[in-house]
K.L.:
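For reference, the structure I am asking about is given below.
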There are 2 protein chains.
Amino acid sequence: MELSDRKKKILQFVVDDYIETAVPVSSKSLTERHLSNISSATVRNELFALEELGYLTQLHTSSGRVPSAEAYKLYVSDLMVKDKLSVKELDYIKKIFLEKADNLEEVIKSTTKIISELTSYPSVGLKSKDSGEKIENIKFFRFKKDQALVIIVTEYRLLKDNYISVPEGMTDEQLSDAEKVLSNMFSGKNFEEICNLKPELQDDFMGYKNIFVNVIEALKVYLQASEGDVVMEGEDKILQHPEYADINKIQNFLSVVTSKDKMMNLLTEDGKDIKINVKIGTDGYDEIPADCSVVTATYTANGNKLGTYGVIGPIRMDYQKVVAVLENVGKVLESILSKR
Amino acid sequence: MELSDRKKKILQFVVDDYIETAVPVSSKSLTERHLSNISSATVRNELFALEELGYLTQLHTSSGRVPSAEAYKLYVSDLMVKDKLSVKELDYIKKIFLEKADNLEEVIKSTTKIISELTSYPSVGLKSKDSGEKIENIKFFRFKKDQALVIIVTEYRLLKDNYISVPEGMTDEQLSDAEKVLSNMFSGKNFEEICNLKPELQDDFMGYKNIFVNVIEALKVYLQASEGDVVMEGEDKILQHPEYADINKIQNFLSVVTSKDKMMNLLTEDGKDIKINVKIGTDGYDEIPADCSVVTATYTANGNKLGTYGVIGPIRMDYQKVVAVLENVGKVLESILSKR
DNA sequence: GTTAGCACTCAAAGGCTTCAAGTGCTAACT
DNA sequence: AGTTAGCACTTGAAGCCTTTGAGTGCTAAC
């Protein structure tokens, strides 16, 4: 059933006011603030109807109304007026990115910092391990007799955190030869393609199968590793919001938020083409507490998904602000990432 | 004035009990738990004397006694009985270090994780940028026309986070030649010595002065950079302690603890030979709230200070446990770090 | 369909009393 | 001199009651 225009308007005001004040909204305050042309009794009738429809709830009979998860959903999809950032805020975004945006790690850190700062919610960033990008080059740097650092250059970045063990007796010349062979073999392929290469089918190994196997092994471990790519910022900002006045709630929230695994799951989305993804209440994600919302966005470069960033906070979240910040950050990110 | 043996004993019991229960300690509970041979009235007289001496305070006339900062200091230096870890705890330490201790970053992360887990306080780790170690080797990896990654091998670790810009028109051969020249020049020196090299006095540059200057510049930036080397773990553990039942206190604590600058200052010690460093209350360190304590230790390998690790928590901290954990972690660390 | 009016509900705040833990002091005891 | 029993005194914490006022739902009139 479609809501009447007036019901929509009233629901919007209720959500607006509740987000702003965190206090259950009464019929009187609605008429005073937004609806001076109708009486509070009329508003009460409408509120009653909206409650019947499942959009509003009451804590007790004589309290004002609070939006339900359904109401927030409708609010975000239909009712909410899009917010614009101030010039100051836009400048802040640019400033931070100017200071630190040399590589993907820094971009993510800057992103989370900006988002958390501007929205005053904890923010999360997740670097995709595999964005489907193509490998350009691979290089070994031997720093001990039996160990070498693997450096991989891709379209967008430099991977330099993988190590392989070098077979005993292998000379430096052989290793640099292996480097050339593998570089040739890998170049132009993406990670998935490389990991699916069957060593037994390749006859251009020139005797470097052992190195190949080690590299693939290291890559697989790297791609699977779950921790370490989640960045959080401003966890303590959650304390500023009145719904977290209770130690148990804080504890519960922080225990979830500091668990990198759970955050990974939450952010690793079936990345459809949606630009901004809003999860309100549990929504079937049992990783987060039922009274939380998560708003995320993805950054992509030429169709490759480089990562996810977003905000986690109470269901009574300032969606206008959050969406505006994410959108603007997204725009700046796009220009930064496509610059290279 | 030296305390009588009985006063010391009583003060020890008061601190023990207060650390355990977080409840002001009464004369009655002392006689019941520890001093069945004397009466509570006698204990009261002693408590009164200890209060006069500044070791104990009362919240109000009819409450039990709480140790003062002075009392904690005496407790740690003189009164406290050293704790031993259980086999389970020792195994846990070994297990974590076995899993992750390949490089200094991982060692620090593992350290903070272990400490926070075993003590249930937030823990901090700080990697020294310059431990006085000697450089063995330097290598360039060019990944763009005008940019190269600088890899530096030292006695203890591999630095691979510095980049230099490569002068226009420099060929790969010239770059690898420069690599040899600089490697020769740097090898056996420590960072300080290298940064003090005067380019105008070196005549073995063979024309690579520009690269030299770039490398030194990058190194100086790296050595000065303040953030990024502080690792924290278990910030949320602070919520488990009853003194942080108040949101404002939590907020205050977290705002300090999440400020990497402040943590840096706190951990960057005039590293004397003290193995374990205990700061109780402010102690003149205005970085931390007055009701906090910080216990730290340094890890060194062959006289080089590789970093600092420790615990930050309420002044009513379980010093026995914390000191025991830090000491044991220290022992394992020593064996790990000197293995290489 | 709208609105004034009114009875009803209920959490929050304040005041009051009671309770119990704990001290400090005094006087007696060893 | 040091120790102890006994007791008056202090004080926060807990429980109970009342008051207050914001807010609703319903009814009857417009």
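These numbers were taken from a predicted model, which means no experiment stands behind them. Each chain gets a letter, A, B and so on, in the order its sequence line appears, and its residues count up from 1.
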K.L.:
Using whole Å, report how far CZ of R6(B) lies from P of dA1(D).
P.N.:
16 Å
K.L.:
Starting at atom CD1 of I10(B), determine the distance to atom C1' of dT3(D), rounded to an integer number of angstrom.
P.N.:
13 Å
K.L.:
Should the pair E89(B)-K84(B) be classified as a salt bridge under the 4.0 Å nitrogen-to-oxygen rule?
P.N.:
no
K.L.:
S27(A) near the nucleic acid: base, sugar-phosphate alone, or nothing, with a heavy-atom cut-off under 4.0 Å?
P.N.:
sugar-phosphate
K.L.:
Does any donor-acceptor pair link the side chain of T42(B) with the base of dT3(D) at a separation under 3.5 Å?
P.N.:
no
K.L.:
Looking only at side-chain N and O atoms, does Q58(A) come under 4.0 Å of OP1 or OP2 in dC10(C)?
P.N.:
no
K.L.:
Starting from C1' on dG22(C), measure out to CD on E32(B) and report it in whole angstrom.
P.N.:
12 Å
K.L.:
Can you tell me the Watson-Crick or wobble partner of dC30(D), both distances under 3.5 angstrom?
P.N.:
dG1(C)
K.L.:
From CG of N45(B) over to P of dA5(D), roughly how many Å is that when rounded to an integer?
P.N.:
13 Å
K.L.:
CZ of R44(B) versus C1' of dT10(D): gap in Å, rounded?
P.N.:
14 Å
K.L.:
For L59(B) and S40(B), take the nucleotide of DNA chain D holding the closest heavy atom to each; which residue's nucleotide lies nearer the 5' end?
P.N.:
S40(B)
K.L.:
Would you indicate which nucleotide in dG22(C), dA5(D), dG23(D) comes nearest to any side-chain atom of S26(B)?
P.N.:
dG22(C)
K.L.:
When you get a sec, tell me which of dG25(D), dT9(C), dT4(D) is the closest nucleotide to the side chain of I38(B)?
P.N.:
dT4(D)
K.L.:
Does dG21(D) have a Watson-Crick or wobble mate here (both distances under 3.5 Å), and if so which one?
P.N.:
dC10(C)
K.L.:
Could you give me the CA-CA distance, side-chain angles and deciding distance for D16(A) and H34(A), then say whether side chain to side chain donor-acceptor pair (under 3.5 Å) is met?
P.N.:
CA-CA 11 Å; D16(A) 275 343; H34(A) 311 284; over 6 Å; no
K.L.:
Just how far, in rounded Å, is P of dT2(C) from CZ of F48(A)?
P.N.:
16 Å
K.L.:
Side-chain N or O of T61(A) versus OP1/OP2 of dC10(C): is the shortest distance under 4.0 Å?
P.N.:
yes
K.L.:
Keeping the roles fixed (side chain from K279(A), backbone from L266(A)), state whether a donor-acceptor pair exists under 3.5 Å.
P.N.:
yes
K.L.:
Between E51(B) and R65(B), does at least one N-O distance fall below 4.0 Å, as a salt bridge requires?
P.N.:
yes
K.L.:
What's the CG-P distance between L47(B) and dG24(C), to the nearest Å?
P.N.:
8 Å
K.L.:
Could you check which nucleotide pairs with dA5(D) in any of the strands shown, counting Watson-Crick or G-U wobble with both distances under 3.5 Å?
P.N.:
dT26(C)
K.L.:
Tell me: NE2 of H60(B) to C1' of dT11(D), nearest whole Å?
P.N.:
5 Å
K.L.:
Ignoring hydrogens and geometry beyond distance, is the side chain of S39(A) in donor-acceptor contact with the base of dT3(C) at under 3.5 Å?
P.N.:
no
K.L.:
E51(B) has a side chain; which of dA21(C), dG24(C), dG25(D) sits nearest to it?
P.N.:
dG24(C)
K.L.:
Under 4.0 Å between a side-chain nitrogen and a carboxylate oxygen: does that hold for E233(B) and K113(B)?
P.N.:
no
